[in-house]
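Below you'll find the structure, written out as structure tokens, and then a few comments.
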Amino acid sequence: MTTTGPLVLGEDFVQDAHRVGAKLRESAPIRHVVLPSGLPVWLVTGYEEARAVATDPRFSSQRVYDRMHRMALGEDDESPFSEDFAMNLLNLDPPDHTRLRKLVAKTFTGRAIAPLRPRIEQIADELLDAMTGRDSVELLEAYAYPLPIRVITELLGVPFDDRDQFTAWSKTMVDGGASEAAGAATMRMAGYLHGLIAAKRENPEDDLLSQLVHASEDGDRLSPSELIAVSVVLLIGGFETTVNLISGGVLSLSRDPGQLALLRADRSLMPTAIEEFLRHETPNILSSPRYTTEEVEIAGVVIPAGDFVMVSWLAANRDPARFTDPGRLDITRPMGGHLAFGHGLHFCLGAPLARLEGEIAFGRLLDRFADIEVLSAVDDLRWRDSTAMHGLESLELRLR
């Protein structure tokens, strides 16, 4: 298959993501495009092609962000990004990735996360108490952001008073791409974490960061830079996905009263509902970038060596070749198969926590309010200006 050149994507890639994703997938499951950020990539929108790319070792993640920064800034320019972020799990291939993930993964299993349920329920109830009786509520500010950020900062042992700056740094890093503002946010977060990790090393507490500081596997330990990189992935991944899961799921239910009524009537459907929310309004538009270590042919498309490749999880999760009537919300849809948490080596470590938070967030919300009405006009809804996260900027509700 040949193309005449990369397709330049505009703002509608973010603001009308499902329509644009469907058009791209229908024309070809892999297309050479220029993202709204200006980055040229081979964009994968087909489901089977997405799974193939995510598991093919010829698509490398090793220090891919260094390559992106050099492309954006020039070979001789100094990167504005913290070097401590270089050991980010999303930025590594085996054996480095295997080693770090082994040291971290056991702290994020479903069994390890389950004891957090009472505390997550308590936080949700406190937030819902504050929302009760108000004429209107902005969901993200009142519930979708504070619930997961409080959970992940408490879990890691980040002081409560610092949670707002972590939220701000995270949004800048996620939405800022290779910008200087994003780089400055990584510097500030890395500096803060250096101090916090040193404190945990001297005086460990009953939190995840203390466990990671002192974790070992066959005598192996995380270095200070690795601890920072791992902490950043857990912090950002531990709340950004859940924010968008909550807001996107509420929006989906508001647009399909029949599905909302079904979930209210049968709470045993909550686990399948969470999986369907993740598929239907996938919280992440794109995967982390990879590059080809050699020329690769996939789905009839030849991708040259050294080119960037990204997967649209959002488009793949609405591929009609994999999901029947993919644009329809169906909370009885059999679980499994969606790619909202990625696939392969980089499958999201925080998936068990996001699922638990989602079940609690929706369960408590439906328990508390018999009527949930979206006040925001459909034409006024805006999605975050990010090619990484698929999340609403705001969602105004009336709750009774």
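Every value quoted in this text rests on a predicted model; they were computed, and no experiment measured them. Positions are given from 1, in the same order as the sequence printed here.
Note on Val230 and Val233: separate hydrophobic clusters, where clusters join Ile, Leu, Val, Met, Phe, Trp and Tyr whose side-chain heavy atoms are under 4.5 Å apart, directly or indirectly. Neither Ile303 nor Val34 shares a network with the other; the hydrophobic side chains, linked directly or stepwise wherever heavy atoms of I, L, V, M, F, W or Y lie under 4.5 Å apart, form separate groups for each. Under the 4.5 Å side-chain heavy-atom criterion for Ile, Leu, Val, Met, Phe, Trp and Tyr, Leu349 and Leu345 are members of distinct hydrophobic clusters.
Residue Glu294 places its CD atom among more than 12 non-hydrogen atoms of other residues, nucleotides or ligands, all under 6.0 Å distant. Within 6.0 Å of the CD atom in Glu141, the count of heavy atoms belonging to other residues, nucleotides or ligands does not exceed 12. Other residues, nucleotides and ligands contribute only 12 or fewer heavy atoms inside 6.0 Å of the CG atom of Asp206. Counting non-hydrogen atoms of neighbouring residues, nucleotides and ligands closer than 6.0 angstrom, the CD atom of Glu373 exceeds 12 such neighbours. By the 6.0 Å contact criterion, CG on Asp371 is enclosed, its count of non-hydrogen atoms from other residues, nucleotides or ligands being greater than 12. Within a 6.0 Å radius of CZ in Arg400, more than 12 heavy atoms belonging to other residues, nucleotides or ligands are found.
In this structure, the side chain of Thr98 does not engage the main chain of Pro94 through any donor-acceptor pair within 3.5 Å. Panel note: side chain Glu226, backbone Ser223; a donor-acceptor pair is recorded below 3.5 Å. At least one donor-acceptor pair under 3.5 Å links the side chain of Thr293 to the backbone N or O of Arg58. In this structure, the side chain of Arg25 engages the main chain of Ala315 through a donor-acceptor pair within 3.5 Å. For the pair Arg333 (side chain) and Thr324 (backbone), a donor-acceptor distance under 3.5 Å is present. Using modelled atom types, no side-chain atom of Arg318 and backbone atom of Gly21 make a donor-acceptor pair closer than 3.5 Å. The backbone N or O of Ile360 sits nowhere less than 3.5 Å from a side-chain atom of Glu121 that would complete a donor-acceptor pair.
Ring orientation note: the planes of Phe166 and Trp169 are nearly perpendicular, at an angle over 60° on the 30°/60° scale. Ring-plane geometry between Trp383 and His390 is classed as parallel, the angle between the planes falling under 30 degrees on a 0 to 90 degree scale with a further cut at 60.
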ask   = Could you walk me through whether Gln62 and His97 pass the side-chain hydrogen bond (donor to acceptor under 3.5 Å, both in side chains) check?
value = CA-CA 9 Å; Gln62 196 76 15; His97 179 275; over 6 Å; no

message = salt bridge (Lys or Arg N to Asp or Glu O under 4.0 Å), that's the test. Do Glu126 and Arg364 meet it? Break it down for me.
response = CA-CA 11 Å; Glu126 291 173 1; Arg364 291 308 225 235; over 6 Å; no

task = I would like to know whether Trp42 and Asp307 meet side-chain hydrogen bond (donor to acceptor under 3.5 Å, both in side chains); could you show each step before the answer?
result = CA-CA 8 Å; Trp42 292 88; Asp307 277 14; 2.9 Å; yes

request  = Evaluate side-chain hydrogen bond (donor to acceptor under 3.5 Å, both in side chains) for Arg51 paired with Thr55, printing each intermediate quantity in order.
outcome  = CA-CA 6 Å; Arg51 286 172 57 94; Thr55 53; over 6 Å; no

key: Test side-chain hydrogen bond (donor to acceptor under 3.5 Å, both in side chains) applied to Thr45 and Arg31, step by step   = CA-CA 8 Å; Thr45 52; Arg31 287 286 301 273; over 6 Å; no

request  = Determine, step by step, whether Glu275 and Thr272 satisfy the side chain to side chain contact (heavy atoms under 4.5 Å, CB included) criterion, reporting the C-alpha distance in whole Å, the side-chain angles of both residues, the deciding distance to 0.1 Å, and the verdict.
outcome  = CA-CA 5 Å; Glu275 299 307 307; Thr272 56; 5.6 Å; no

message = If you apply the rule salt bridge (Lys or Arg N to Asp or Glu O under 4.0 Å), what do you find for Lys200 with Asp207, and how did you get there?
response = CA-CA 9 Å; Lys200 301 292 184 184; Asp207 57 58; 2.8 Å; yes

query = Arg201 and Leu227: side chain to side chain contact (heavy atoms under 4.5 Å, CB included), yes or no, with the steps?
reply = CA-CA 11 Å; Arg201 196 179 302 279; Leu227 280 165; 3.6 Å; yes

task = Begin from the C-alpha positions of Val311 and Leu286 and carry the test side chain to side chain contact (heavy atoms under 4.5 Å, CB included) through to its verdict.
result = CA-CA 6 Å; Val311 172; Leu286 296 179; over 6 Å; no

request  = Just do the ring pair (Phe, Tyr, Trp, His ring centres under 6.0 Å) check on His343 and His338 with the steps written out, would you?
outcome  = CA-CA 9 Å; His343 185 65; His338 71 71; over 10 Å; no

inquiry  = Pair Val250, Leu365 - check side chain to side chain contact (heavy atoms under 4.5 Å, CB included), show working.
reply    = CA-CA 10 Å; Val250 169; Leu365 184 67; 4.0 Å; yes

ask   = Between Asp256 and Arg328, does a salt bridge (Lys or Arg N to Asp or Glu O under 4.0 Å) hold up when you go through it step by step?
value = CA-CA 9 Å; Asp256 196 326; Arg328 181 173 66 90; over 6 Å; no

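Among all heavy-atom pairs drawn from Pro289 and Ser61, the shortest one is O-OG, 4.3 Å. Pairing each heavy atom of Trp313 with each of Ala54, the nearest pair is CH2-CB, 4.2 Å. Closest approach of His346 to Leu92, counting heavy atoms only: CE1-O, 3.3 Å. Glu281 and Ser252 get closest at one heavy-atom pair: CG-OG, 3.4 Å. Nearest heavy atom pair, residue Ser247 against residue Leu395, reads O-CD2, 4.0 Å. Scanning all heavy atoms of the two residues, the minimum distance from Ala388 to Ser386 falls at N-OG, 3.0 Å.
A salt bridge does not link Asp135 to Arg398: none of the charged nitrogens lies less than 4.0 Å from a carboxylate oxygen. Using a 4.0 Å cut-off between charged side-chain N and carboxylate O, Arg99 and Asp96 make no salt bridge. Between Arg163 and Glu154, none of the side-chain N atoms (NZ, or NE/NH1/NH2) sits under 4.0 Å from a carboxylate O, so this pair counts as no salt bridge.
A search for side-chain hydrogen bond (donor to acceptor under 3.5 Å, both in side chains) contacts involving Asn317 returns Thr282, not counting sequence neighbours. Listed by chain and number, the residues in a side-chain hydrogen bond (donor to acceptor under 3.5 Å, both in side chains) with Ser376 amount to none (sequence neighbours excluded).
The cationic atom of Arg322 (NZ for Lys, CZ for Arg) lies less than 6.0 Å from the six-membered ring centre of Tyr47 and within 45° of the ring axis. The cationic atom of Arg279 (NZ for Lys, CZ for Arg) lies less than 6.0 Å from the six-membered ring centre of Phe323 and within 45° of the ring axis. Both tests do not hold together for Arg188 against Tyr192: distance to the six-membered ring centre under 6.0 Å, angle to the ring axis within 45°.
Between atom CG of residue Leu208 and atom CG of residue Leu156 there is a gap of 5.0 Å, rounded to the nearest 0.5 Å. Atoms CG and OG1, from Leu262 and Thr332 in turn, are 7.0 Å apart once rounded to the nearest 0.5 Å.
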All N/O donor-acceptor pairs, side-chain side in residues 234-246, below 3.5 Å, sequence neighbours left out:
from, atom 1, to, atom 2, distance (Å)
Glu240, OE1, Arg384, NH1, 2.7
Glu240, OE2, Ser170, OG, 2.8
Thr242, OG1, Glu357, OE1, 2.9
Asn244, ND2, Pro283, O, 3.3

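Partner of Leu43 under the side chain to side chain contact (heavy atoms under 4.5 Å, CB included) criterion, out of Val33, Leu7, Val309: Val33 alone.
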